[in-house]
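Chain A is the first sequence line, chain B the second, and so forth, proteins listed ahead of strands; every chain is numbered from 1.
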Amino acid sequence: MLVREGLVSILSGVEHIQLCTSCSSMPELLEAVDQHLPDIVLTDIRMPPDHSDEGIRAARQLRVTRPTVGVVVLSQFVEPAYALALLEDGAQGRGYLLKDRVDEVGRLVRAIDTVAAGGSFIDDEIVDALVRSRSRMVDSSITQLSQRELEVLSEMATGATNSVIAETLFVSEHAVEKHSNAIFSKLGLSEDQEVNRRVKAVLMFLAGRSQ
Amino acid sequence: MNQTDQLRVLIVFDGVITALASLFALAAHVWVIRSPYMVVLAILVGASSVVMFAGLRPLSGDYVTADDVAAALWWLAIANWSISLAVTAIATFAWPLLMLSALLPSAVGPSFVSPARQRVFVIISTCVAATNVLLGLLQDASGLSGDAPAWVRRLVLILFAPMLLGVFALVAVYNSDRVNAALEDAQRAQDEVAGHARELELSRGRVVAAADRERQRIERNLHDGAQQRLIALAMRLSRVREHVAASSPHLVSELDSLRAEVRATHDEVRQLAHGVYPPVLSEHGLVEAVRSVADRSPIEVRLDLEHVGRFDTAIESAVYFCCVEALQNAAKHSQVGLVHLRLYRADDQICFTVADDGIGFSLPDAQPALGLVGLHDRLGAIGGELNVSSAPGRGTTITGRVGVTTSSASDA
């Protein structure tokens, strides 16, 4: 509740973001969505009734009932398994952020904007954890990637488009495309360049799961 | 009928037969074979009967000890052995019958005296029986065998053989009763022990489950309570920082520092909560939980993880915490920077191996210190087993396995 209040306060200062309502349980959440038809749902994972994975279950349900609504999950759990559970039914219009740096307004807003536009936004700490995890696995094909390719891979995993990656890494978009091709070839992933499918493919690869 | 009563019955039975034999001899003397030997026989047999009945004395009274029973048996034995030798010496034709008398004490023994005492009875009975045979076959000093008419001889055997065999039969029944009773007792004791063992295992399982539930409760408390407050605190500090950035820039760095402190605290609490019980274990299973703990390990962990699926909480907790403990041990003691963790399914077992190439340790010395007993207990409580192999300079390998039936596996 404290965090919710804090978020309300933070976002109230942002011009293009307007708060519809705030809720404290999963049934309340789903009802509120039906009532207010928001662009984005900003939610925790754990809430009443069970305090388990309500946020993710709500996202799944909304994928079916309200496919235009984007969901940004805010969680304390850095374990990639949660982010992957969120993306199980597709990466578009979904984001996963850690609460640690939720006070960085710029970042929060960027995430909300990306997801509202139908993209994906995965906290880079999650991606880092995944990359570390992948590197630990005995049969790790990730070791074949060059440093630059690894950087591009990590950016792709956060849901960034090629142009965003180019900006972040200070290279040309063309270079990003080249790296991307090399990566997919080395890792044996299918070359589907659609951003949302790509982020899921990369995350799945990093998590060591087959598609 | 207890042991003492059984012995009394045997003594009385034998005593009565002996008394009858004495009377028979007397009657035979009076009406058939007028011979001084018959009288002697009657007296000797009669005396033996009295000796037998004397054996009832030690068995009287409220408290009968093992020594009392042995004493009664000695009276019985001496009486029988005396009869065996005396009667055979005088009426040699009756020697087969008197074999039974000679051997009776050794037959009665097992039910009533200790193996050591029993051995004595057996030895003496055997000697008496042998002597009995010799006396019967090699001499006829009294001449009674010649003098006694055939019908008398036959009558003796026909009358007394069944009676003596009856005593033996009774002894056999008592012995078998005792054996059966002993077997039943043993079976009952075994069942009781098995029952206790089962109950103990269940209780162990309950204790561990209760401890795990408590851990989950603590984690949830930390997550929903302290951790949330720290996040909110950081957010508030951020807002204050925004407000003063323009007006009092000199406070900004102090606020940044404060915010960093709060974040560090939050991280610490989160690590603590994760160490108490990782939510990712109950929500996503062993593989994800192990990956998470590998990420937080101070030393490098190489992972070889099969997708083993989901299992009962008890099993997942036990395997997880054992892996954690093993990794911590490697980090603390191995003095190398790398440890291998393997998690896999083998038929109806789930297995894990944590291995390092470190300095190792000598097994008998180190167990308590490394918390290995705790690992044994954790796995033991769910019917699993732990194997530790290590030697100084040769690294350490900890292997655990737990049986999982198909009913306890619930693939998420």
Select one option (side chain, backbone, both, neither) describing which atoms of B:Glu242 are under 4.5 Å from chain A's heavy atoms.
-> neither
Mark yes or no: A:Arg110 above the aromatic ring of A:Phe121, with NZ or CZ under 6.0 Å from the six-membered ring centre and no more than 45 degrees from the axis.
-> no
Does CD in A:Glu31 sit with more than 12 non-hydrogen atoms of other residues, nucleotides or ligands closer than 6.0 Å?
-> no
Give the intermediate values and the outcome of side chain to side chain contact (heavy atoms under 4.5 Å, CB included) for residues B:Leu343 and B:Val319.
-> CA-CA 10 Å; B:Leu343 184 67; B:Val319 174; 4.2 Å; yes
When only heavy atoms count and the cut-off is under 4.5 Å, which of residues 93-101 of chain A reach chain B?
-> A:Lys99, A:Asp100, A:Arg101
Between B:Arg229, B:Glu283, B:Arg236, which shows the greatest number of heavy-atom pairs under 4.5 Å with chain A?
-> B:Glu283
When heavy-atom pairs shorter than 4.5 Å are enumerated against chain B, which of A:Arg4, A:Glu5, A:Met137 gives the highest number?
-> A:Met137
Is it the backbone or the side chain of B:His223 that comes under 4.5 Å from a heavy atom of chain A, or both, or neither?
-> both
Ignoring hydrogens and geometry, is there a side-chain-to-backbone donor-acceptor pair from A:Glu54 to A:Ser52 under 3.5 Å?
-> yes
Proximity breakdown for A:Gln76 and chain B, heavy-atom pairs closer than 4.5 Å | both
With only heavy atoms counted, which part of B:Arg259 is less than 4.5 Å from chain A, the side chain, the backbone, both or neither?
-> side chain
Begin from the C-alpha positions of A:Lys186 and A:Glu149 and carry the test salt bridge (charged side-chain N to carboxylate O under 4.0 Å, His left out) through to its verdict.
-> CA-CA 10 Å; A:Lys186 282 186 187 176; A:Glu149 283 165 353; 2.9 Å; yes
Do side-chain atoms of B:Glu306 reach the backbone of B:Val308 as a donor and acceptor pair under 3.5 angstrom?
-> no
Do B:Arg378 and B:Asp212 sit within salt-bridge range, that is, some charged N less than 4.0 Å from a carboxylate O?
-> yes
Test: A:Asp103 and B:Arg239 ion pair at under 4.0 Å = no
Specify which of B:Asp224, B:Ile231, B:Leu341, B:Asp304 makes the most heavy-atom pairs with chain A at under 4.5 Å.
-> B:Ile231
Step through the shown structure and confirm whether more than 12 heavy atoms of other residues, nucleotides or ligands are within 6.0 Å of CG on A:Asp124.
-> yes
Is it the backbone or the side chain of A:Leu84 that comes under 4.5 Å from a heavy atom of chain B, or both, or neither?
-> neither
Should A:Glu125 and A:Arg107 count as an ion pair when the cut-off is N to O under 4.0 Å?
-> no
Scored by heavy-atom pairs under 4.5 Å with chain B, the best of A:Ala85, A:Pro80, A:Ala207 is A:Ala207
Structural part of B:Pro278 lying under 4.5 Å from a heavy atom of chain A | neither
